[in-house]
Number of protein chains: 2
Amino acid sequence: MIHEKMVELVARRFQVLGEPCRLRILQALEGGPRTVSEIVGDLDGNQPNISKHLQILFDAGLVGRERSGNSVFYSVADPVVFKLCELVCRSTARHATHLGQYAAGTRRRSGIQTQKSHLRSKVGSLQGVN
Amino acid sequence: MIHEKMVELVARRFQVLGEPCRLRILQALEGGPRTVSEIVGDLDGNQPNISKHLQILFDAGLVGRERSGNSVFYSVADPVVFKLCELVCRSTARHATHLGQYAAGTRRRSGIQTQKSHLRSKVGSLQGVN
DNA sequence: TCACTATATAATTATACATGCATATAGCTA
DNA sequence: TAGCTATATGCATGTATAATTATATAGTGA
């Protein structure tokens with residue numbers, strides 16, 4: 001059992017990771033610290049937007065930063081993010097594979113199978129949905 | 001380097017995990033499959049809301065479901081979610097600890113330290129902002 | 001068939017958030 | 001100081017999403 005406050009903090013971290021642009025930023029930082037300009041160059045977003053995402057990542061403690069002269073270098077604060085991405089990546093690939101099997105196979109569309117209906121039919125549905 | 005489509009899929013999964021209510025649902029499922037009613041009983045949300053969150057978790061492939069008579073049993077589809085939560089939990093705890101140290105120590109407010117200013121002062125700031 | 005339980009869905013509202021543009025601020029150099 | 005570069009912030013806007021209420025649908029048993 002986890003405390004309510006902790007659940008919210010953990011959820012917030014997942015939420016911060018749940019943005020394609022921010023994942024790409026972390027990816028760009030995988031090789032080491034980079035300045036904002038460099039990151040903007042790697043990705044195709046505009047500078048203010050990248051800066052705002054970097055701020056969000058920083059507030060979440062996922063990246064660190066240090067000013068060097070006129071530039072600010074950002075770096076991944078906790079390498080665990082790469083582990084997380086790897087795990088989710090694998091899991092996502094598995095899920096996509098399953099979806100592909102279903103699509104290529106029975107053409108069933110993710111409905112709930114009644115235990116009984118499961119015995120008489122390959123195609124279950126939940127209130128005719130999906 | 002990861003494909004753009006994959007980045008979006010992974011981000012979507014993180015986003016689905018980035019909701020306190022959904023984390024609590026997964027927590028409730030840690031002991032094994034449960035019906036919607038049971039989950040609603042464990043948490044304090046109302047039934048339609050829980051059902052919608054369950055649908056989102058299902059679409060993301062994070063839970064599976066099977067109807068049994070009048071009830072629908074939901075279960076965790078991929079135990080990797082618990083690993084993810086554990087990793088984020090630890091990382092979050094570390095981050096919170098650091099914040100605590102800063103707060104108790106120099107009272108600095110997470111500004112960027114210039115390399116030079118770092119040498120002459122313990123308190124850095126970035127445009128006077130946090 | 002009807003009544004009942006369990007679950008899902010629709011419609012609404014309020015809020016959070018990403019984006020883009022304009023602008024402000026910090027640091028450097030002359 | 002002024003001008004330049006790099007970065008951050010404010011504001012406006014559109015979109016996504018969570019919560020709530022009411023309702024619809026599936027299954028069960030009489």
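Bear in mind the structure is a predicted one, so any value in this text is a computation, not a measurement. In the text below, chain A, chain B and the rest are named by the order of the sequence lines, each starting its count at 1.
Bending across the helix from C:dT1-D:dA30 to C:dA30-D:dT1, expressed as the angle between its end axes from five pairs apiece, amounts to 20° (10° rounding).
Among the atoms of the strands shown, only primed sugar atoms or phosphate atoms (P, OP1, OP2) are found under 4.0 Å from some heavy atom of A:S71. Contacts of A:I50 with the nucleic acid, taken as non-hydrogen atoms under 4.0 Å apart, are absent.
Minimum atom distance to the side chain of B:R67 is reached by D:dG27, of the listed D:dA19, D:dA8, D:dG27.
For a distance-only test at 3.5 Å, the side chain of A:Q47 fails to qualify as a donor-acceptor partner of the base of D:dA6.
Looking at residues two or more places apart in sequence or on another chain, you find no side-chain hydrogen bond (donor to acceptor under 3.5 Å, both in side chains) involving B:E30. Listed by chain and residue number, nothing satisfies the side-chain hydrogen bond (donor to acceptor under 3.5 Å, both in side chains) test with A:T92 (two or more places apart in sequence, or in another chain). With sequence neighbours excluded, the residues forming a side-chain hydrogen bond (donor to acceptor under 3.5 Å, both in side chains) with B:D42 are B:R34, listed by chain and number.
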Identify the pairs formed between an N or O of the protein and an N or O of nucleotides 12-17 of chain D at a distance under 3.5 Å, and give each distance.
| from | atom 1 | to | atom 2 | distance (Å) |
| --- | --- | --- | --- | --- |
| D:dT17 | OP1 | B:R12 | NH1 | 3.1 |
| D:dT17 | OP1 | B:Q15 | NE2 | 3.0 |

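Phosphate contact (OP1/OP2 of C:dA8, side-chain N/O of B:Q55, threshold under 4.0 Å): absent. Taking 4.0 angstrom as the limit, A:Y74 places none of its side-chain polar atoms (N or O) nearer than this to OP1 or OP2 of D:dA6. Listed pair A:H53 / C:dT19 meets the phosphate criterion, a side-chain N or O lying under 4.0 Å from OP1 or OP2.
From B:K5, atom NZ reaches atom CG of B:L9 across 7.0 Å, with rounding to the nearest 0.5 Å. How far CG of A:L54 is from CD of A:Q47: 9.5 Å, rounded to the nearest 0.5 Å.
The interatomic distance linking A:N70 (CG) with D:dA6 (P) rounds to 7 Å, in whole Å. Rounded to a whole Å, the CD1 atom of B:I25 is 14 Å from the C1' atom of C:dA8. Taking atom CG on A:N49 and atom C1' on C:dT23, their separation rounds to 16 Å, with Å as the unit. A straight line from CZ of B:F14 to C1' of C:dC17 spans 19 Å, rounded to a whole angstrom. Residue B:L43 contributes atom CG, which lies 15 Å from atom C1' of D:dA18 at whole-angstrom precision. In this structure, A:N46 places its CG atom 13 Å from C1' of D:dT7, rounding to the nearest Å.
Under a 3.5 Å cut-off, the side chain of A:R22 and the backbone N or O of A:V16 do form a donor-acceptor pair.
With salt bridges taken as basic N to acidic carboxylate O contacts below 4.0 Å, none links B:R12 and B:E8.
Taking a 4.0 Å limit (strictly below) on heavy-atom distances, residues 32-40 of chain B does not reach DNA chain D anywhere.
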